[in-house]
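Here is the naming used below: chain letters follow the sequence lines, and residue numbers restart at 1 for every chain.
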Amino acid sequence: MNENRFRMRTLFLIAYIVFALLPIYWMVNMSFKTNEEILSSFSFFPQHFTWHNYRTIFTDASWYSGYINSLIIVAINMTISITVALPAAYAFSRYSFLGDKHLFFWLLTNRMTPPAVFLLPFFQLYTTLGLMDTHIAVALAHLVFNVPLAVWILEGFMSGIPREIDETAYIDGYSFPRFFLTIFLPLIKAGVGVTAFFCFMFSWVELLLARTLTSVDAKPIVATMTRTVSASGMDWATLAAAGVLTILPGAVVIWFVRHYIAKGFAMGRV
Amino acid sequence: MSTTKPVNQKAWWLVLPVVICVAFSAVLPLMTVVNYSLQDIISPERRVFVGTEWFVAAMRDEELHGALWRQLTFSLAVLAVEIPLGIMLALSMPAKGWKASAVLVVVSLSLLIPWNVVGTIWQIYGRADIGLLGAMLQKMGFDYSYTGNATHAWITVLTMDVWHWTPLVALLCYAGLRSIPDAYYQAASIDGASRFAVFRYIQLPKMRGVLMIAVLLRFMDSFMIYTEPFVLTGGGPGNATTFLSEYLTQKAVGQFDVGPAAAFSLIYFLIILLLCFILYNWMQRVGTASKEGAGHE
């Protein structure tokens, strides 16, 4: 019976993986075709295999700078999100203070602002500040959804660390910053890794804010891609190639944090 | 959890940076929207204060009601499919070794594709003449067309969302499962606990925290879904896949009605807020109740 259950699970897993990979395979397939071939015939493999789409992206500065801009934006966003979220998550996991529960829920509510109509205020705010078309503008705008999530995840990891560790450190004469950086941070490094992954993921794929706040110099790849839609029709092939290339950096990030995810976290609070 | 946390008002200083960041990037724009919602902006120089007029108009808007119901149905369908599927997936993912790493990476891939690309890929993927999904369904004898048939369009958007976001649920649940010490399972097998009992009394309680994140995130994000259906179906055919965001954007961008659009988006925001508040408190209550139940045993 055990054997059977094992087989059922493997079958289910394989079925899901096929379901998950087919659209991605189709994108990869498209990225090696020409537009004419994509639109004219159905085929499992490119009939006229071409690197042309990838070559376009790697040789055209307006394409590849999109990737660089995206990486800069995401890096700034991740750094700010985690830096401000760490002390806050510590406060939530260790102390109770006036309004802590309300504040925690209020933070979450900021993820619920529908971006579509908040675009105009964002645009006005950043124009007033003279931050339009800068990396920092998009990184700051993305804090809206990443900071609450970072606090939430980190708080879960921190609650899993017994409070005796803090107390012992203070008795031993550690100051708070020194304790936090040399003892506490290494203990929750898995949490930081997982948080970084989630921040990366949400910031990397966000389109509306990124497109509104940039025009040329800081344009991230997701916004660059929208120009494949033009009056002369869709440039499906280049879009597919660009799509394939957007998956790669994220796949590298997952590869680095996979052990942290596999080690597990249960989230103490909630 | 055993001892209560010490009261320390100085902890506010640690939270302050987060509050400032979020206030800057969320409260300021929100205030601007509130400001718009109360005015009729005829031109940048000419604004008239109209009070709650836009709100009243929005509440009476039949199309908005339609979009709201479609949205609720869609979000509930998303939760009903993705949460169980994500849990099942997490349970069947290997725990260790290179297989675990490989499966983790493969499962997460769909999360990393920009949302507009997700829509575009599915647009081709679902076409009966040149797309794999469309062609397969056609071969099996379904007269499938996501552009012509409202039901097909709706199901395609749902399938796309399931494909896109189930990995998030699965990753979180997987992490929750991995935090259970082996000793728990050994104890359960000594007691002769059934597979279901292990799930119900060991795995599910341990996943409670991560499941709460998963449910809330999926609920909020699916309630605000915009890019993918916009690219895939453009809200059609008819208005079958015109969800709230889509409808709002049509209002705000298409007709340049900043005032009514702002009022709409505030109502929208309040609806999400209310639903999440109910969900959050309900899940917390369910969790504490089962914890107390376990304590009495």
Select one option (side chain, backbone, both, neither) describing which atoms of [X] are under 4.5 Å from chain B's heavy atoms.
X: A:Val144; value: both
X: A:Ile38; value: both
X: A:Leu129; value: side chain
X: A:Tyr126; value: side chain
X: A:Leu125; value: side chain
X: A:Val194; value: neither
X: A:Phe198; value: side chain
X: A:Leu248; value: neither
X: A:Leu103; value: side chain
X: A:Phe12; value: side chain
X: A:Arg94; value: backbone
X: A:Phe123; value: neither
X: A:Ile261; value: both
X: A:Ile247; value: both

How close do [X] and [Y] get, heavy atom to heavy atom, and via which atoms?
X: A:Met201; Y: B:Trp165; result: CE-CZ3, 4.0 Å
X: A:Leu22; Y: B:Met136; result: CD1-CE, 4.4 Å
X: A:Ile24; Y: B:Trp163; result: CG1-CZ2, 3.7 Å
X: B:Ala11; Y: A:Ala91; result: O-CB, 3.7 Å

Against chain A, label [X] side chain, backbone, both or neither, depending on which of its atoms sit under 4.5 Å from a heavy atom there.
X: B:Tyr36; answer: side chain
X: B:Glu246; answer: neither
X: B:Leu273; answer: both
X: B:Leu16; answer: neither
X: B:Trp13; answer: neither
X: B:Phe24; answer: both
X: B:Leu217; answer: side chain
X: B:Thr227; answer: side chain
X: B:Ile20; answer: neither
X: B:Val27; answer: side chain

Can you tell me which of [options] forms the most heavy-atom pairs within a distance under 4.5 Å of chain B?
options: A:Phe44, A:Tyr90, A:Trp106; result: A:Trp106
options: A:Trp204, A:Phe197, A:Phe19; result: A:Phe19
options: A:Trp255, A:Tyr260, A:Phe105; result: A:Phe105

Best-contacting candidate, [options], against chain A by heavy atom pairs under 4.5 angstrom:
options: B:Arg127, B:Met88, B:Met93, B:Lys10; value: B:Met88
options: B:Leu266, B:Val117, B:Ile130; value: B:Ile130
options: B:Leu89, B:Asn35, B:Ile121, B:Leu133; value: B:Leu89
options: B:Ala100, B:Pro17, B:Ala26, B:Pro29; value: B:Pro29
options: B:Val118, B:Val18, B:Thr32, B:Leu244; value: B:Val18
options: B:Thr159, B:Val19, B:Asp221, B:Leu211; value: B:Asp221

I need the [X] [atom1] to [Y] [atom2] distance, nearest 0.5 Å.
X: A:Thr109; Y: B:Phe269; atom1: OG1; atom2: CZ; value: 5.0 Å
X: A:Met27; Y: B:Leu109; atom1: CE; atom2: CG; value: 8.5 Å
X: B:Leu132; Y: A:Met30; atom1: CG; atom2: CE; value: 12.0 Å
X: B:Cys21; Y: A:Asn146; atom1: SG; atom2: CG; value: 11.5 Å
X: B:Trp12; Y: A:Asp100; atom1: CH2; atom2: CG; value: 9.0 Å

So, do [X] and [Y] sit near enough that their side-chain heavy atoms are less than 4.5 Å apart?
X: B:Cys276; Y: A:Arg111; value: no
X: A:Phe176; Y: B:Leu14; value: yes
X: B:Pro114; Y: A:Ile221; value: no

With distance as the sole test, does A:Arg9 use its side chain to make a donor-acceptor pair with the main-chain N or O of B:Leu91 at under 3.5 Å?
->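 Pair found, side chain donor or acceptor close to backbone of B:Leu91.
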Is the CZ atom of A:Phe256 crowded by more than 12 outside heavy atoms at less than 6.0 Å?
->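 Counting neighbours around CZ of A:Phe256, 12 or fewer heavy atoms of other residues, nucleotides or ligands fall under 6.0 Å, so no.
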